[in-house]
Amino acid sequence: MPQGTKPVVVVTRRLPDVIETRMMELFDARLNLEDNPMTPAELIEAVKTAEILVPTVTDRIDARVLSQAGPQLKLIASFGTGVDHIDLATARQRNITVTNTPGVLTEDTADMTMALILAVSRRLSEGERLVRAGDWKGWSPTAMLGHRIYGKRLGIVGMGRIGQALARRARGFGLSVHYHNRRRVHPDLEKELEATYWESLDQMLARMDIVSVNCPHTPATYHLLSSRRLQLLRKEAILVNTSRGEVVDEIALTKALQNGQLAGAGLDVFEHEPAINPKLMALDNVVLLPHMGSATIEGRIDMGEKVIINIKTFVDGHTPPDRVLEQMF
Ligand code: 8YV
């Protein structure tokens with residue numbers, strides 16, 4: 001990267017004002033003020049000119065896009081933690097560094113997961129719909145009965161940062177914490193969280209009251225909650241997903257909910273966002289959110305700050321703090 005000149009940074013979506021302003025000060029930043037998601041053709045145009053690309057989850061940076069990148073593209077500083085929208089292997093082959101923004105959206109996403117657990121168990125959306133429709137006839141001892149979460153078993157699939165933050169909250173709500181992870185966490189952490197480790201995901205699923213998906217989407221976790229595994233769940237169980245839609249077989253999940261094989265689901269993410277299976281929309285025992293797990297003003301600013309730090313460090317010739325390597329996933 002030539003010294004002294006500001007690097008060309010293409011930002012694919014609108015970011016908080018303070019972040020965009022700082023980026024204008026530091027870089028030759030090309031902003032997307034209309035905030036329309038870029039088409040594949042627009043992304044290809046972007047990688048032909050950008051020295052640094054700042055994409056989000058709504059941009060597919062696949063081999064087709066990367067194969068059109070000019071030699072000036074050296075860094076993809078993604079705004080977000082998940083990197084399943086970026087072809088990491090192709091980026092590496094083309095000598096393009098990739099960074100993300102881990103850590104700063106952990107607490108917000110764990111909050112949203114807890115909110116979904118409560119919303120499904122206590123029928124918050126149904127109650128709200130009833131009131132707004134003007135159909136509430138007054139209090140009744142048997143109306144809108146949900147299920148208590150206190151004393152129930154929560155199975156966390158993926159005990160990374162967000163899984164751990166969820167476990168801490170869950171303890172406060174009187175849930176007992178169980179987890180499945182590629183690797184067992186440190187015994188001290190297990191002790192602190194009073195968490196029970198299950199090497200076998202199948203065995204854990206069959207025994208839980210609540211299952212939360214908190215692992216990243218990778219080739220190894222695609223449809224981890226397959227039709228077969230969903231059938232292992234107890235019919236009183238609920239499933240929440242604030243990670244990635246692709247980890248759960250959405251068609252199989254919809255069928256399981258329709259057939260009463262599963263009591264309910266809380267979903268913040270979907271396999272083909274923003275499209276949602278219309279059959280899911282028709283179900284009362286499902287709470288659906290528009291991928292807003294990390295959507296806080298504070299979180300978005302922190303994410304933007306991280307993007308700026310990653311770019312600055314890289315431009316200054318150092319390894320950026322949030323460099324993503326394929327073997328991390
Ligand atoms: C972000 C997310 O809003 O960071 C992630 O992986 O899923 C979201 O919480 C989004 O990805 C921003 O690109």
Side-chain angles (χ1 to χ4, degrees), residues 9-16 19-20 23 31-32 35-38 42-43 46 52-62 65 75-88 91 98-116 157-158 160-166 212-219 221-222 224 240-248 250 266-276 288-311 320-326 328-329:
V9 177
V10 176
V11 185
T12 67
R13 300 296 301 269
R14 275 229 67 169
L15 300 182
I19 298 301
E20 289 188 344
M23 283 185 166
L31 307 177
N32 174 4
D35 197 32
N36 296 321
M38 285 191 178
E42 286 168 330
L43 278 174
I52 295 155
L53 182 73
V54 179
T56 74
V57 71
T58 56
D59 306 298
R60 277 227 83 62
I61 316 294
D62 54 15
V65 170
L75 173 67
I76 298 174
S78 195
F79 181 88
T81 300
V83 285
D84 52 333
H85 56 298
I86 303 170
D87 183 336
L88 296 178
V98 176
T99 61
N100 65 346
T101 63
V104 290
L105 32 74
T106 303
E107 304 302 330
D108 295 329
T109 309
D111 283 346
M112 192 59 95
T113 311
M114 208 58 231
L116 277 176
V157 181
R161 290 186 193 84
I162 296 172
Q164 291 167 30
L166 172 63
S212 175
V213 178
N214 296 101
C215 60
H217 166 220
T218 66
T221 64
Y222 175 77
L224 184 66
V240 297
N241 187 2
T242 51
S243 164
R244 282 291 182 270
E246 289 90 336
V247 180
V248 181
E250 200 169 288
L267 306 174
D268 184 44
V269 287
F270 303 88
E271 263 199 86
H272 307 287
E273 293 179 16
I276 299 183
L288 305 170
L289 296 178
H291 196 149
M292 55 193 272
S294 69
T296 65
I297 293 168
E298 295 84 350
R300 291 286 184 258
I301 291 175
D302 290 348
M303 289 161 77
E305 297 282 1
K306 260 191 172 289
V307 169
I308 291 173
I309 291 168
N310 281 319
I311 298 175
D322 303 310
R323 179 166 193 194
V324 173
L325 299 171
E326 286 154 272
M328 289 172 173
F329 294 93

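Counting starts at 1 for both ligands and their atoms, in listed order. Hydrogens, waters and symmetry mates are skipped; everything else that's a heavy atom, side chains included, is used.
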Please determine whether side-chain contact (heavy atoms from CB on, under 4.5 Å) holds for the pair Arg300 and Phe79, giving the CA-CA distance in whole Å, both sets of side-chain angles, and the decisive distance to 0.1 Å. CA-CA 9 Å; Arg300 291 286 184 258; Phe79 181 88; 3.8 Å; yes
Shortest non-hydrogen pair, Ala77 vs Thr99, comes out as CA-OG1, 3.2 Å
If the test is side chain to side chain donor-acceptor pair (under 3.5 Å), which one of Asn36, Asp35, Thr56 qualifies with Arg13? Asp35
Search all heavy atoms of Lys306 against all heavy atoms of Pro102 and return the closest pair with its distance. CE-O, 3.0 Å
side-chain hydrogen bond (donor to acceptor under 3.5 Å, both in side chains) between Thr109 and Thr242, intermediate numbers included: CA-CA 7 Å; Thr109 309; Thr242 51; over 6 Å; no
Verify the neighbour count for atom CD1 of Ile297: are there more than 12 heavy atoms of other residues, nucleotides or ligands below 6.0 Å? no
Check ligand 1 against His291 and write out every atom of the ligand that is under 4.0 Å from a heavy-atom position of the residue. 2 (C), 7 (O), 8 (C), 9 (O)
Any N or O of Leu105 closer than 3.5 Å to N or O of ligand 1: no
For Glu273, which part has a heavy atom under 4.0 Å from ligand 1: side chain, backbone, both, or neither? neither
Does Thr81 reach ligand 1 with a nitrogen or oxygen that is under 3.5 Å from one of the ligand's nitrogen or oxygen atoms? yes
Around atom 12 (C) of ligand 1, find the nearest protein heavy atom and jot down its residue, atom name and distance. Phe79 O, 3.0 Å
Any N/O pair Met303/ligand 1 closer than 3.5 Å: no
Going by the atom numbers of ligand 1, which of them fall below 4.0 Å from some non-hydrogen atom of Thr56? 13 (O)
Can you tell which of Arg244, His85, Glu271 makes a side chain to side chain contact (heavy atoms under 4.5 Å, CB included) with His217? Arg244
Shortest non-hydrogen pair, Ser212 vs Leu166, comes out as OG-CD2, 3.4 Å
Test your reading of the structure: does Arg244 have an N or O sitting under 3.5 Å from an N or O of ligand 1? yes
Which residue and heavy atom of the protein sit nearest atom 6 (O) of ligand 1, plus the separation: Gly82 N, 2.7 Å
For atom 11 (O) of ligand 1, the closest protein heavy atom turns out to be Val57 CB, 3.4 Å
What residue and atom, counting heavy atoms only, is the protein's closest point to atom 9 (O) of ligand 1, and at what distance? Ser294 OG, 2.6 Å
Quick check on contacts: which atoms of ligand 1 are under 4.0 angstrom from a heavy atom of Arg300? 3 (O)
Please check if atom CZ in Arg14 has more than 12 non-hydrogen atoms from other residues, nucleotides or ligands closer than 6.0 Å. yes
Does some non-hydrogen atom of Met292 fall short of 4.0 Å from ligand 1? no
Should you measure from each heavy atom of Gly80, which atoms of ligand 1 turn up under 4.0 Å away? 4 (O), 12 (C), 13 (O)
